[in-house]
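Working notes for the structure below.
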Amino acid sequence: MGLQWRNWSGSLRFTPREQAAPADENALRALVDRARRTSTKLRPVGSGHSSSPLVRTEDVLVSLTGLTRTMRRHEDPRLATVSAGVPLGELGEALYEAGLAMDNLGDVDVQSIAGATATGTHGTGLRFGSLSTQVAGVRMVTGTGELLDICAERNADLLPAARLSLGALGVVTRMTLRLNPTYHLRRRSWCSSIAWTLEHLHQLQRQNRNMDFYWYPRTDTTQIRTLNLRGEEPEFGPAGEPRTTETGPSHRTIPRHRELRFEEIEYAIPSEAFHACFAEIRHRVLNRHRVGVVWRILVRTVAEDDIWLSTAYGRATTTIACMQNSSLPYREYFDDVEAVFRQHDGRPHWGKRHSLTARELRGLYPQWDRFAEVRRRLDPDGVFLTPDLARLLEDG
């Protein structure tokens, strides 16, 4: 009661009236029923890695840490149902022991699988979608207190909404993932010039399983990072020997360990607009923010998908993420680059800093109204619709 909650970077802090960690689905249903009867709000929370206020509430904050951790294999050997609250790092180890692995991962593995998929967390690679594309089914307690299983065989019309839902449809308790057999990757990185990187970017993206790069404003240089199956590294690459080389199981080589805390704004733009967008971002950073910007800028790719609120819905996507140490000013910098992203039809990452509301977001997502219809169907009383979420999802 009355304990302050804070996110990973420390930028989001609030004190909910109650923090709950139900021990099972029946206890979770009771929490939802009580919230519905008393007209209070309930928000699920994962590890708190997001910078956006998706989880903020004055009422009840619900953690999944009290639910028993389970993993169940299916008749289809590439399907497994896992607990929604398990952190990605822990999940990766459990899958590895079972001979399985996720298709791709993001740069951080402290997030819960439910939180990562609910916000569209992604890695990089022309052939790989966000983590949400690996979701084959979800089990959730909806806003009416119903325990609902969603999958392609049972209620396929709900799946494009449930795979990335911002926690607006219900509290997810289990997820069924489509997986791969365990595989090992070789990670390599090089330092290069920004001119060489941009000139050869498409070739690097095409020839490597996973490829991204950091641009460092202070030096105007890049760090190029690639991951490939062992023995399948392309001959083409930056000049010189790799700066670092590492080989291991995918869940240990894709994510990076992060000690320093930072704020971040990331937008997903159509891949064909990347060069023009990045050129303007680079120009503004070098001419307006170079003195104050300490952190690098990360460029990644995400494959097109059909998930209604996905930032890669209907288009091959390139993402540009601007970061700043959490102890340093970032608002003026982020506001300036956000204006550029918006000029290029950018969609903001749901879990990171941005200023858009439903009025601007609706035009960016062709299936916006279909998601709204599902949300009102599964949460007719707005149990999960806090003021912050309403600003994102309701036109007014």
Side-chain angles (χ1 to χ4, degrees), residues 8-11 49-51 105-110 121-125 187-201 204-205 208 210-227 237-238 240 242-246 253-269 274-275 277-302 317-341 344 346 348-349 351-354:
W8 176 81
S9 70
S11 62
H49 190 266
S50 293
S51 296
L105 287 163
D107 223 28
V108 178
D109 64 0
V110 298
T121 294
H122 63 89
T124 189
R187 168 187 280 272
R188 298 188 292 175
S189 69
W190 294 262
C191 290
S192 187
S193 70
I194 184 63
W196 189 94
T197 303
L198 293 176
E199 180 183 354
H200 298 94
L201 182 59
L204 289 166
Q205 291 170 337
N208 291 280
N210 309 99
M211 180 269 166
D212 60 27
F213 77 88
Y214 281 116
W215 172 57
Y216 295 86
R218 291 287 179 88
T219 60
D220 206 20
T221 58
T222 64
Q223 178 187 177
I224 296 170
R225 308 186 300 177
T226 66
L227 292 116
R243 178 172 168 265
T244 62
T245 300
E246 173 188 348
T253 50
I254 299 176
R256 299 291 85 189
H257 180 67
R258 304 293 181 200
E259 287 289 349
L260 292 176
R261 305 300 169 100
F262 56 89
E263 293 300 315
E264 183 174 6
I265 181 171
E266 180 183 87
Y267 266 70
I269 59 176
F274 165 73
H275 283 280
C277 181
F278 184 81
E280 179 59 23
I281 293 291
R282 182 173 171 232
H283 174 79
R284 292 197 182 195
V285 171
L286 292 178
N287 288 278
R288 302 179 186 179
H289 307 288
R290 195 173 191 174
V291 173
V293 174
V294 177
W295 278 64
R296 56 212 175 182
I297 292 176
L298 175 61
V299 174
R300 296 181 284 178
T301 55
V302 188
T317 293
T318 300
T319 65
I320 302 176
C322 301
M323 292 164 264
Q324 177 75 312
N325 190 298
S326 60
S327 65
L328 297 175
Y330 60 85
R331 294 188 185 278
E332 181 181 350
Y333 170 38
F334 284 6
D335 288 347
D336 197 21
V337 296
E338 185 173 47
V340 179
F341 294 141
H344 293 277
H349 190 299
K352 300 176 184 179
R353 291 276 175 183
H354 70 90

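Model, not experiment: these values are computed from the prediction.
The existence of a salt bridge linking Arg225 and Asp212 is confirmed by a sub-4.0 Å separation between a basic side-chain nitrogen and an acidic carboxylate oxygen. Between Glu263 and Arg331 there is no salt bridge, since no side-chain N of the basic residue sits under 4.0 Å from a carboxylate O of the acidic one.
Here the straight-line distance linking atom CG of Leu298 with atom CD of Glu264 works out to 7.5 Å at 0.5 Å rounding. From Glu266, atom CD reaches atom OG of Ser51 across 11.0 Å, with rounding to the nearest 0.5 Å. How far NE2 of His49 is from OG1 of Thr121: 8.5 Å, rounded to the nearest 0.5 Å. In this structure, OG1 in Thr124 is found 9.5 Å from CG in Asp107, a value given to the nearest 0.5 Å. Atom-to-atom distance recorded for Trp215:CH2 and Ile224:CD1 is 15.0 Å, nearest 0.5 angstrom. Atom CE of Met211 is separated from atom CG of Leu204 by 4.5 Å, given to the nearest 0.5 angstrom.
Checked by atom type and distance alone, the side chain of Arg188 never pairs as donor or acceptor with a backbone atom of Glu246 at under 3.5 Å. No donor-acceptor pair closer than 3.5 Å links the side chain of Arg261 to the backbone N or O of Ser326. With Arg296 contributing its side chain and Met323 its backbone, the two residues share no donor-acceptor pair below 3.5 Å. A distance-only check finds a donor-acceptor pair linking the side chain of Thr301 to the backbone of Gly125 [under 3.5 Å]. Side-chain N or O atoms of Glu338 include none that pairs as donor or acceptor with a backbone N or O of His354 at under 3.5 Å. At distances below 3.5 Å, not a single donor-acceptor pair connects side-chain atoms of Arg282 with backbone N or O atoms of Cys277.
Side-chain contact between Phe274 and Leu201: present, with at least one pair of heavy atoms (C-beta onward) separated by less than 4.5 Å. Using a 4.5 Å cut-off on side-chain heavy atoms (C-beta onward), Val108 and Trp8 make no contact. Contact check for Thr319 versus His349: no side-chain heavy atoms found under the 4.5 Å cut-off.
Residues Arg187 and Thr253 approach most closely at NE-O, 2.7 Å, considering heavy atoms. The two residues Val302 and Gly123 have their closest heavy-atom pair at CG2-O, 4.2 Å. Summarising the geometry of Val337 relative to Cys322, their closest heavy-atom pair is CG2-SG, 4.2 Å, with the distance given to 0.1 Å. Looking at every heavy atom in both residues, Gly106 comes nearest to Ile254 through O-CG2, 3.7 Å. Across all their heavy atoms, Tyr267 and Gly346 have their closest contact at CD2-C, 3.5 Å. The heavy-atom pair separating Ser192 from Thr221 by the smallest distance is O-CB, 3.4 Å.
Geometrically, Arg353 does not engage Phe334 in a cation-pi contact, judged by NZ or CZ lying under 6.0 Å from the ring centre and within 45° of the ring axis.
Using a 3.5 Å distance cut-off with no hydrogens or angles, the side chains of Thr222 and Thr197 do pair a donor with an acceptor. With hydrogens and angles left out, the side-chain atoms of His289 and Gln324 include no donor and acceptor closer than 3.5 Å.
In this structure, Phe262 and Trp295 have tilted ring planes: the angle between them lies in the 30° to 60° band.
Other residues, nucleotides and ligands contribute over 12 non-hydrogen atoms within 6.0 Å of the CZ atom of Arg290.
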**Request:** Show your reasoning for whether side chain to side chain contact (heavy atoms under 4.5 Å, CB included) applies to Phe278 and Thr318.
**Result:** CA-CA 10 Å; Phe278 184 81; Thr318 300; over 6 Å; no
